[in-house]
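All of these numbers come straight from a predicted model, not from anything done at the bench.
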Amino acid sequence: MDRFVIHGGVPLRGEVTISGAKNAVLPIMAAALLTSEPCVIRRVPDLSDVRFMARILQSLGASVRFEGGVLAIQARQIQGHGDYELVRKMRGSICVMGPLLARLRETRVALPGGCAIGVRPVDLHLKGFRALGAELEIAGGYVRAAAPRLIGAEVFLGGRAGPTVLGTANIMMAATLAEGITIIDSAACEPEIADLAGFLNEMGARISGAGSPVITIAGVKELHGAEHEAIPDRIEAATFAIAAAATGGEITLRNARPDHFRAVLDKLREAGVTVERHGPALVVRPGPVLRPVDITTQPYAGFPTDVQAQMMALMCLAPGTSVITERIFESRFMHAAELARLGADISIEGPSAIVKGVSALSGAQMMAGDLRASAALVIAGLAARGATEILRVYHIDRGYENIDAKLRQLGARLERISEAGLGGE
Ligand code: EPZ
C-alpha cells in the first residue's frame, strides 16, 4: 500500500488545473448502459473509482476503453447481473440499477455496503423504482428489481438528511425510458445531477428542471449514443483552495467553476482568505489573519459534506473556536482523531466538532480512512512543521487525480512511497 511523506511548512505557489468531476462521471458512465450505441465522455479523471466502474460495466457486458482522459463505452449486449464482489465494493455502483432496469426491465444488483462515513441506506432509490412500477425483492445481499413496464410517476425523494444525489440520478435515468411523465420532488440539486441530465438529453432524453428541486422527465422509446465533456470537480477545487489557505500560499486554480462551490468560497472569505476571479481562473491567497468560522453541512447549494474534513484541517490553525456540524452523514469525523495526532485541539459533541485553533501543527504518522478525510490529513501535513507520514493513500487515489504530482508542482515537499508486493492497491 502506498504512503505519502510530507515535509510541511512550505506555502503552496503556482497554478493547478482542476480535473473532471468524479461524482459527475460515475453516473454518466452508468447512463451509457441506456443505449446500444457508442458513447464518448471527455475530461474523465484517471481515478481508481472510475476504473472500478469501468470494470463493473465490462462485467455487465459493455465494452469500455479509457485513455487520455477519454472514455469510450458501448453497451451493445448487456446482462443485468453485476459482479457481486465489484458492486459491493463501491457504493457509487448503485447507479447502474436505474439504467439496467430501464434497458432490460429487470436487474439484480448487490446492495452496497455501508462505509466509513455511515450506513448509506438505499431506501429512497427503491422507493423511486417502486413508484415507476418495479417489483423489488431483497435477498442474500442482493436487490432484484423487475418491471414489465415502467410507468412515469410523481415521487418524493427527500429523506431524513434531505435529497439523495445518487437516488436522484438513478430515478432520473430509469424514467428516461418509462412511459409518460415522471416528476421527482425534493430532487438533489448538485451540479453533477445537472451534468448527468445534460448528457441524457444529448442522448435524446427529455429532462427539464435538473439542478432544481423538481425534475420532470418525459419518457421516450429509446436513447442514442452521445459525446459529453464532464464538469470540473468542485470538491477537488475546494480542496486545493483550502490547502493554499492552510499553507499561507497563493495559487491559481485553472478550469474551476467558482459558481459550483460558492458556499465554500463564502466560508473561506469569512475566514479571512482572499479569493478572486481572474477571467476563467480563480486566485486564492492568504489574508492578514485566519479567522475561525462555524460550518453546518447541507444539501447543495449549502456547504458540502465532502469539504467538511478539509475545512476542519484549516480551522485547526485559526485562532479562536470553530464549530463544524455534520448534518448529512452520521459518522464523518474520523479525521478529527488523526488531526489530534498533529496537535490539533478538537472535541466532538454529537453532530458537532468544536475546533480550537492552535499556533502550529507538528508532523506525525497518520492513517487515511476515507476519501475526503484523507485529503484533510494531506492538508494538515502540508501545514504542519516537520515530517508527516500518511498511510493507506489508496483512499485518496479514489477521488483525486495525481494529487501528489499536482501538489509537488505547487512546491509541496511530498513524495509517494510505493510498497509494491505488500498487497498495494
Ligand atoms: C453522493 O453520495 C456522493 N457520491 C458523496 O460523495 C456525497 O458525500 C453525497 O452524495 C452527499 O452529497 C457520489 O456522487 C458518487 P446521498 P450518495 O444519497 O448519493 C441518506 C465523495 O467523497 N440516504 O446524497 O450516496 C444518506 O444516508 C462521496 O465523493 C437515505 O437515507 O449520498 C445520507 O445521509 C462521499 N436513503 C444522505 O441521504 C437513501 O436511499 C445523502 O446521501 C439514500 C441516501
[X] side, atom [atom1]; [Y] side, atom [atom2] - distance, nearest 0.5 Å:
| X | Y | atom1 | atom2 | result |
| --- | --- | --- | --- | --- |
| R120 | E330 | CZ | CD | 9.0 Å |
| I6 | R413 | CD1 | CZ | 11.5 Å |
| E236 | N255 | CD | CG | 9.5 Å |
| I324 | M315 | CD1 | CE | 7.0 Å |

Is a side-chain N or O of [X] found less than 3.5 angstrom from the main chain of [Y], in a donor-acceptor match?
| X | Y | answer |
| --- | --- | --- |
| T176 | G219 | no |
| E326 | Q308 | no |
| S322 | V293 | yes |
| R3 | I417 | no |
| N170 | G98 | yes |
| N201 | I207 | yes |
| E401 | D46 | yes |
| K406 | T17 | yes |
| E250 | P286 | no |
| R408 | L414 | yes |

For R392, I'd like to know if atom CZ has over 12 heavy atoms of other residues, nucleotides or ligands within 6.0 Å.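 Counting neighbours around CZ of R392, 12 or fewer heavy atoms of other residues, nucleotides or ligands fall under 6.0 Å, so no.
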When you look at CD of E276, are more than 12 heavy atoms from neighbouring residues, nucleotides or ligands closer to it than 6.0 Å?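 Yes, because the 6.0 Å sphere around CD of E276 holds more than 12 heavy atoms from other groups.
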Within the 3.5 Å criterion, strictly below it, is a donor on R262 or Y300 matched to an acceptor on the partner's side chain?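 Result is no, nothing qualifies.
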Looking only at the side chains, is there a donor atom on one of T239 and Y400 sitting less than 3.5 Å from an acceptor on the other?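 Checked: T239/Y400 side chains pair up, N/O donor to acceptor below 3.5 Å.
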Does some side-chain heavy atom of [Y] sit less than 4.5 Å from a side-chain heavy atom of [X]?
| X | Y | result |
| --- | --- | --- |
| V143 | T107 | no |
| F240 | L12 | no |
| R327 | Q298 | no |
| R269 | L265 | yes |
| L111 | Y142 | no |
| V25 | P45 | yes |
| V155 | I183 | no |
| L339 | L377 | yes |

Output all residues satisfying side chain to side chain donor-acceptor pair (under 3.5 Å) with K267, sequence neighbours left out; order by chain, then residue number.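 Counting only residues at least two positions away or on another chain, K267 forms a side chain to side chain donor-acceptor pair (under 3.5 Å) with E270.
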Minimum heavy-atom distance between [X] and [Y], given as atom pair plus value:
| X | Y | result |
| --- | --- | --- |
| I184 | A187 | CG2-CB, 3.8 Å |
| S374 | G369 | OG-N, 3.9 Å |
| A245 | V273 | CB-CG2, 3.7 Å |

Ion pair R332/D306, N-O distance below 4.0 Å: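 Counted as a salt bridge, because a side-chain N and a carboxylate O are separated by less than 4.0 Å.
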Answer yes or no: is there an ion pair linking R416 with D397, defined by an N-O contact shorter than 4.0 Å?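 A salt bridge is present here (some side-chain N lies under 4.0 Å from a carboxylate O).
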Summary of ring pair (Phe, Tyr, Trp, His ring centres under 6.0 Å) pairs that have at least one residue in residues 168-223, sequence neighbours excluded: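 Listed once each, the pairs are F199-H228.
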Pairs satisfying ring pair (Phe, Tyr, Trp, His ring centres under 6.0 Å), at least one member in residues 90-109, at least two apart: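 For residues 90-109, and leaving out neighbouring residues, there are no ring pair (Phe, Tyr, Trp, His ring centres under 6.0 Å) pairs at all.
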Side chain to side chain donor-acceptor pair (under 3.5 Å): which pairs involve residues 147-158, sequence neighbours left out?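 Only R149-E179 qualify under side chain to side chain donor-acceptor pair (under 3.5 Å).
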Enumerate the side chain to side chain donor-acceptor pair (under 3.5 Å) contacts for residues 181-194, please, sequence neighbours excluded, ordered by first and then second residue.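 Passing the test, one end in residues 181-194: E192-R234.
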Can I get a per-line list of side-chain donor-acceptor pairs under 3.5 Å for residues 29-41, giving both atom names and the distance, sequence neighbours left out?
from	atom 1	to	atom 2	distance (Å)
T35	OG1	E37	N	3.0
T35	OG1	L223	O	2.9
E37	OE1	G225	N	3.0

